[in-house]
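Report on the following structure.
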2 protein chains.
Amino acid sequence: MQENQISPSEWEIMRVVWTNHPISSREINDILKEKKEWKLTTTKTLIGRLVKKGMLSTEKQGRKFEYSPLVTEKESIDESIDDLLDQMCNTKVGRSIETILEKRTLSKTELEQLSELIKKKKETAPNKIYCTCTPGQCGCVV
Amino acid sequence: MQENQISPSEWEIMRVVWTNHPISSREINDILKEKKEWKLTTTKTLIGRLVKKGMLSTEKQGRKFEYSPLVTEKESIDESIDDLLDQMCNTKVGRSIETILEKRTLSKTELEQLSELIKKKKETAPNKIYCTCTPGQCGCVV
DNA sequence: TCATTAAGTTTACAATTGTAATCGATAATT
DNA sequence: AATTATCGATTACAATTGTAAACTTAATGA
């Protein structure tokens, strides 16, 4: 199936480790206590899977283990976004960004940065986006 | 687990049906022939699951069935995006959009529309985005 | 009419994921 | 030293997903 992605539950663990590391399984579990009503063993299972997937490193600290991330949060987020966008036609990406912008709140600064970036992109932007979908999977007239 | 989402393989089917409907299972399979080397039965299984999930409607047309979408492509795309963004801190959304813009090519028209939208959003944008993450799951200083 | 197609349905089976109990080793406590 | 509390590791088990064979029924062609 898919090549070693981070599942939603695993993502919860990763966020904790990205924020605090090195960190022990108990500490991870404590942090997630209210949000997810997981038993300690559940947390441990997820940690184990993340270690096996190469997402977390372990270091024996005395008798216990301390975990640290082997991938960055940005990397992982970007990958998820890519996976998502790869599922749709190129010509739908623009509209999707619009939808995000409509629904989510960004700060003035963030919007300003986006404006800048867009201005720059406009210089080299094509007049038309070409669809590369399998014929029959999108209605674009290329 | 997750509430009736569309899996990647199912998504392939949906794209075909969104583009061409009503459509029969054989036609769907023909369209996907080169992209996915699925047996006809595989296609049928996926169609069956989508019908069960309420994503496709069936209509008996003589002896065979014709399938049509019960959800729109935009709805589905937006939902996927929401699921993804919900996994991250509010304060990371802006940066994520930037990343998309950097990596994907948008047309002049699309960029123009985004500019417009951003301009409008700026009027009501806050100076700061507030993080609502579980403490310990992100490093934002709120 | 009888065999062959073709449609959908049922069954299958491994991998992934969500969730957790149990086990074995080690450390801390009494 | 004996007991208990902790760790990580192993095992468990159902739901979802990817992928497909087998089955049933109805239609079509010989």
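Just so it is clear, the structure is predicted and the values come from calculations on it, not from any experiment. Just the heavy atoms: all of them, side chains too, but no hydrogens, waters or symmetry mates, feed the values below.
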What nucleotide, of [options], holds the atom closest to the side chain of [X]?
X: Lys44(A); options: dT19(C), dC7(D), dT19(D); result: dC7(D)
X: Glu10(A); options: dG8(D), dT17(C), dG8(C); result: dT17(C)
X: Thr45(B); options: dT19(C), dT10(C), dG18(C); result: dT10(C)

Distance check: side-chain N/O of [X] vs OP1/OP2 of [N], anything under 4.0 Å?
X: Lys39(B); N: dT19(D); result: no
X: Lys53(B); N: dT17(D); result: yes
X: Ser25(B); N: dG8(C); result: yes
X: Thr42(A); N: dA20(C); result: yes
X: Thr41(A); N: dT22(C); result: no
X: Arg26(A); N: dT6(D); result: no
X: Ser9(B); N: dT19(D); result: yes

Next item on the list: Just call it for Arg49(B): base, sugar-phosphate, or nothing, with non-hydrogen atoms closer than 4.0 Å on any strand.
Entry: base
Margin query: We want to know whether Glu27(B) and Asn20(B) form a side-chain donor-acceptor pair, criterion being a heavy-atom distance below 3.5 angstrom.
Written below: no
Next item on the list: Decide yes or no on side chain to side chain contact (heavy atoms under 4.5 Å, CB included) for Ser76(B) and Met14(B), but give the supporting numbers first.
Entry: CA-CA 10 Å; Ser76(B) 303; Met14(B) 289 305 293; 5.6 Å; no
Note to self: Check this for me, if you would: do Glu66(A) and Lys60(A) make a salt bridge, where the nitrogen-to-carboxylate-oxygen distance has to be below 4.0 angstrom?
What the structure shows: no
Check: What pairs meet the ring-ring contact (aromatic ring centres under 6.0 Å, His included) rule with one or both residues in residues 10-39 of chain A, with sequence neighbours excluded?
Finding: Trp11(A)-Trp18(A)
